[in-house]
Amino acid sequence: MNTKPQKKGIVPTMIDDAAQAKIETHPLRRGISVLEGSGGNIAVLTGKEGQLLIDSGFTASKARILEALNNLSADPITQLINTHWHVDHTDGNDWVHSAGATITAHENTKKHLSTSTRVEGWQYTFPPSPAGALPTTTFNDEHHVRHNDTNIELKYYGPAHTDSDISVVFEEADVIHVGDTLWNGTYPFIDYSTGGSIDGMIRATERNRSVVTDSTIVIPGHGPIGNKATLTEFRDMLTSIRNNVAALKKQGKSLSETIAAKPTAAYDAKWGQFLITAAFFVTLVYSGV
Ligand SMILES: [Zn+2]
């Protein structure tokens with residue numbers, strides 16, 4: 001594991017969870033499945049050219065991820081795509097690369113993994129990743145991969161949850177992995193330290209809505225598999241809380257006064273039950289409006 005315990009917080013909590021978590025496999029369609037349980041959702045495309053993974057979870061879950069992959073197919077892992085640079089999506093890069101995979105990501109993913117990077121919202125400083133964990137192919141705007149008879153389109157969002165987020169579309173299957181631009185059923189983390197913002201999240205969500213249809217399967221970074229309705233509900237939650245927080249800030253309310261005014265009250269029962277509490281989410285939104 002390339003993360004050292006620092007102040008007990010979100011990152012150590014995520015690693016502890018991953019060390020114990022069961023990996024659940026959700027078959028979708030056309031050889032695509034999702035492994036849930038180790039950090040972000042991992043998508044897998046099986047086939048004769050080898051398994052292609054989207055995101056690598058936490059190294060603490062390696063044995064259970066391998067078991068789940070072996071249950072899907074006997075193919076070796078030949079390609080890995082990272083949706084963004086965060087540790088819960090890239091910690092396993094090193095072992096997946098050692099297993100034989102190339103790694104494709106946005107150029108800012110490589111940039112952040114290559115150096116010591118502080119995430120203020122997590123009160124955590126990540127050391128540079130080992131050389132084997134770094135992307136071997138990077139791009140800026142768009143990149144196309146043909147693998148296992150499937151066209152795969154990778155597209156940069158611009159600054160959203162971080163400054164390294166990409167969407168990955170499996171064209172024939174009509175499946176999209178939107179990384180951490182969508183957290184299904186929980187308030188999202190937004191990483192201002194590396195270019196994320198509430199307005200960037202809303203823009204990314206609008207783009208996600210505009211590229212899917214009612215039959216598209218939407219894989220979020222965290223939470224259960226969703227669809228266009230999930231994106232609409234998420235957009236409405238983000239927009240409403242953004243407007244509530246902006247109005248309070250405009251009235252001159254401090255952060256603690258804004259939290260006390262409960263601008264998320266209508267949403268907390270559904271969205272506030274995971275790592276990102278209502279107060280923390282208000283803090284993230286407040287700094288961006
Ligand atoms: Zn993330």
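Hydrogens, waters and symmetry mates are skipped; everything else that's a heavy atom, side chains included, is used. Atoms within a ligand are numbered from 1 in the order they appear, just like the ligands themselves.
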Exercise. Which residues and atoms, counting only protein N, O or S, are under 2.8 Å from the Zn ion (ligand 1)?
Worked result: His84 NE2, His86 ND1, His161 NE2, Asp180 OD2
Exercise. Atom CG of Asp163 and atom NE2 of His112: how far apart are they, to the nearest 0.5 Å?
Worked result: 3.5 Å
Problem set entry | Lys NZ or Arg CZ of Arg207 over Tyr157 ring: under 6.0 Å, within 45° | yes
Exercise. Looking at residues at least two apart in the chain, or sitting in another chain, which of them share a side-chain contact (heavy atoms from CB on, under 4.5 Å) with Asp149?
Worked result: Lys48, Arg146
For this session: First locate atom CG of Asn93, then atom CG of Leu113, and finally report the distance between them rounded to the nearest 0.5 Å.
Result: 6.5 Å
Problem set entry | Any side-chain donor near an acceptor of the partner, Asn82 and Thr109, under 3.5 Å | no
For this session: Please say which of Ile152, Val145, Ile176, Val178 ends up in a side-chain contact (heavy atoms from CB on, under 4.5 Å) with Val168.
Result: Ile152
